[in-house]
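Take a look at the structure set out below.
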Amino acid sequence: SSLNFETMSSFSVSVIVLAFLSLNAYAAKFPSSFQLCRKNDPSVDTCLIGAIEKALKTMADGIPSLHVLPIDPQAVTQILVQDSPGRPVNFNINLTDATLKGLRNTKVRKVVSNLHKQIVDIDVIVPLIEVTGNYVMNGKFLVLPLKGTGKGNFKLHNTEIGVQYRGNLAKKNGESYWNTVSFHTDIYKTSRLETQLTGLFNGDDSLAKPTLDALNTNWETFWAELRPSIEESFSYIFKNLVSDILKKVPEKNMFLPDN
């Protein structure tokens, strides 16, 4: 019986070793449409500008090999604008079952990185971001009451966004992976916000039209109230997305080998 036990033990060890080897041999890689850069290249930041743009275009339609769903359009469960400590607002908006469109056309303008410390800062501009969803709103804008339930559509034009990624290295199955510690989004500016809302004041046009006109004429004031919640939503969505991809692809497959 001891012979059987030893045979079974050695067989089990062999299976575990083979499984481990095959796991590493077939460690996930970025799709071929991704552009890879050399980690130690002195001009790696210039390379990363094109690489990140291409990655976003690929991610727009999803990456089946990494089980990544399309990000353009991107489903957003909820965006909530409400009065909170340190962030007073004059109205509350609850946007649910929302969709975010436009990320595939993102232009990367600048990258500053320290890849050995898992630090990447990115500046981008997105020509058009469109957010649609079901809204519930009440409160006051300027001197006008805001009250309604219906479909909301918000279009941001030429939006400049800064992204700060911070990570560290985590070991898994003998491989190093980038572990996301923080992912922060700052919306520096947008050239215009267009707002369309159905169902304002139960569809009473005599009240709804002047209110929508005021929101669109004074869009900068309206945007100032919306911006923190939009930034928070972007940070949350994209931190989860990026960390989900990076925990599947080991660092050795993220970059081209150095010559």
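In what follows, every heavy atom counts, from backbone to side chain, and hydrogens, waters and symmetry copies are set aside.
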Nearest heavy-atom approach of A51 to C37 is CB-SG, 3.9 Å
Side chains of Y188 and D186 in contact at under 4.5 Å (non-hydrogen atoms): yes
When you measure from the side chain of D123 to the backbone of K110, do you find a donor-acceptor pair of N or O atoms at a distance under 3.5 Å? no
*Got K101 and T99 here, is their nearest side-chain heavy-atom distance under 4.5 Å?*
yes
With no hydrogens and no angle check, just 3.5 Å: does a side-chain donor-acceptor pair link E194 and N216?
no
Quiz prompt | Same apolar cluster (I L V M F W Y, side chains within < 4.5 Å links), L256/V120 | solution = yes
Rounded to the nearest 0.5 angstrom, the NZ-OG1 distance for K155 and T132 is 10.0 Å
Between the CG atom in D72 and the CG atom in L56, the distance rounded to the nearest 0.5 Å is 9.5 Å
- Query: Do W178 and E251 get their side chains close enough for a donor-acceptor pair, meaning under 3.5 Å?
  - Reply: yes
Exactly one candidate in D213, D205, T211 meets side chain to side chain donor-acceptor pair (under 3.5 Å) with K209; the answer is D213
inquiry  = With clusters defined by side-chain heavy atoms of hydrophobic residues (ILVMFWY) lying less than 4.5 Å apart, directly or transitively, does V44 cluster with F255?
reply    = yes
>> Quick one, R227 with E231, criterion salt bridge (charged side-chain N to carboxylate O under 4.0 Å, His left out). Give me CA distance, side-chain angles, the key distance, then yes/no.
In response: CA-CA 6 Å; R227 186 182 125 189; E231 282 179 339; 3.1 Å; yes
All heavy atoms of F141 vs all of N218, minimum pair found to be CZ-O, 3.7 Å
Interatomic distance, CG@N92 vs CG@N138, rounded to 0.5 Å, equals 5.5 Å
Here the gap from L142 atom CG to N90 atom CG, rounded to the nearest 0.5 Å, amounts to 8.5 Å
Report yes or no: does S235 contribute a side-chain atom to a donor-acceptor pair with the main-chain N or O of T185 at less than 3.5 Å?
yes
Smallest heavy-atom separation, D258 atom then K39 atom, equals OD1-N, 4.1 Å
Exercise for the section: Could you check if a side-chain atom of V111 sits within less than 4.5 angstrom of a side-chain atom of I52, using non-hydrogen atoms only? Expected result: yes
State yes or no: do L100 and L241 share one hydrophobic cluster built from I, L, V, M, F, W and Y residues joined by side-chain heavy-atom distances below 4.5 Å, directly or via other members? yes
Between G174 and K171 the two heavy atoms that sit nearest each other are O-NZ, 4.2 Å
The reported gap from CG in L128 to CG in L156 (rounded to nearest 0.5 angstrom) is 8.0 Å
**Charged N-O contact under 4.0 Å between D121 and R166** = yes
Result for side-chain contact (heavy atoms from CB on, under 4.5 Å) between M59 and one of L69, L66, I71 points to I71
Test side-chain contact (heavy atoms from CB on, under 4.5 Å) applied to I63 and T58, step by step: CA-CA 7 Å; I63 309 172; T58 300; 4.2 Å; yes
- Go through the steps for T190 and N158 under the test side-chain contact (heavy atoms from CB on, under 4.5 Å), then give the verdict. CA-CA 6 Å; T190 187; N158 303 312; 5.9 Å; no
**N173 side chain vs E175 backbone, donor-acceptor pair below 3.5 Å** = no
Aromatic centroids of F91 and F222 separated by under 6.0 Å: yes
Exercise. Counting only N and O atoms by type, is there a donor-acceptor contact under 3.5 Å from the side chain of Q35 to the main-chain atoms of C47?
Worked result: yes
Any donor-acceptor pair under 3.5 Å linking the side-chain atoms of N40 with those of H116? yes
| task | State, yes or no, whether a side-chain contact exists between L197 and L212 at a heavy-atom distance under 4.5 Å. | result | yes
Any I93 side-chain heavy atom under 4.5 Å of L80 side chain | no
Shortest non-hydrogen pair, V131 vs A98, comes out as CG1-CB, 4.5 Å
Report task. Decide whether S243 and T180 meet the rule of one side-chain donor and one side-chain acceptor closer than 3.5 Å. Result -> no
Enclosure of N114 CG (heavy-atom neighbours >12, cutoff 6.0 Å):
yes
**Message:** Between L103 and F34, is there shared hydrophobic-cluster membership here, with clusters defined by ILVMFWY side-chain heavy atoms closer than 4.5 Å?
**Reply:** yes
So, do F234 and I161 sit near enough that their side-chain heavy atoms are less than 4.5 Å apart? yes
* **Verdict with reasoning, K54 to S33, per side-chain contact (heavy atoms from CB on, under 4.5 Å)** => CA-CA 7 Å; K54 282 191 176 179; S33 53; over 6 Å; no
Does K151 form a side chain to side chain donor-acceptor pair (under 3.5 Å) with N134? I'd like the steps, not just the answer.
CA-CA 5 Å; K151 296 285 183 188; N134 301 317; 2.7 Å; yes
Cluster check I230, I125: I/L/V/M/F/W/Y, side chain < 4.5 angstrom = no
message: Donor-acceptor check, side chain of D45 to backbone of S113, threshold 3.5 angstrom: yes or no?
response: yes
Distance col, row L48:CG vs L115:CG, nearest 0.5 angstrom, shows 6.0 Å
Derivation of the side-chain contact (heavy atoms from CB on, under 4.5 Å) call for Y135 and L200: CA-CA 10 Å; Y135 82 91; L200 271 177; 3.8 Å; yes
Only residue of I237, N240, V163 satisfying side-chain contact (heavy atoms from CB on, under 4.5 Å) with F183 is V163
Less than 6.0 angstrom from the centroid, inside 45 degrees of the normal: does K172 satisfy that with respect to the ring of Y177? yes
Answer whether the closest heavy-atom distance between the side chains of N153 and T195 falls below 4.5 Å. no
Tightest non-hydrogen contact, residues Q74 and P70, listed as OE1-O, 4.2 Å
Can you check whether V249's main-chain N or O pairs, donor with acceptor, with N253's side chain at less than 3.5 Å? no
Between D61 and R104 (salt bridge meaning N to carboxylate O under 4.0 Å), is one present in this structure? yes
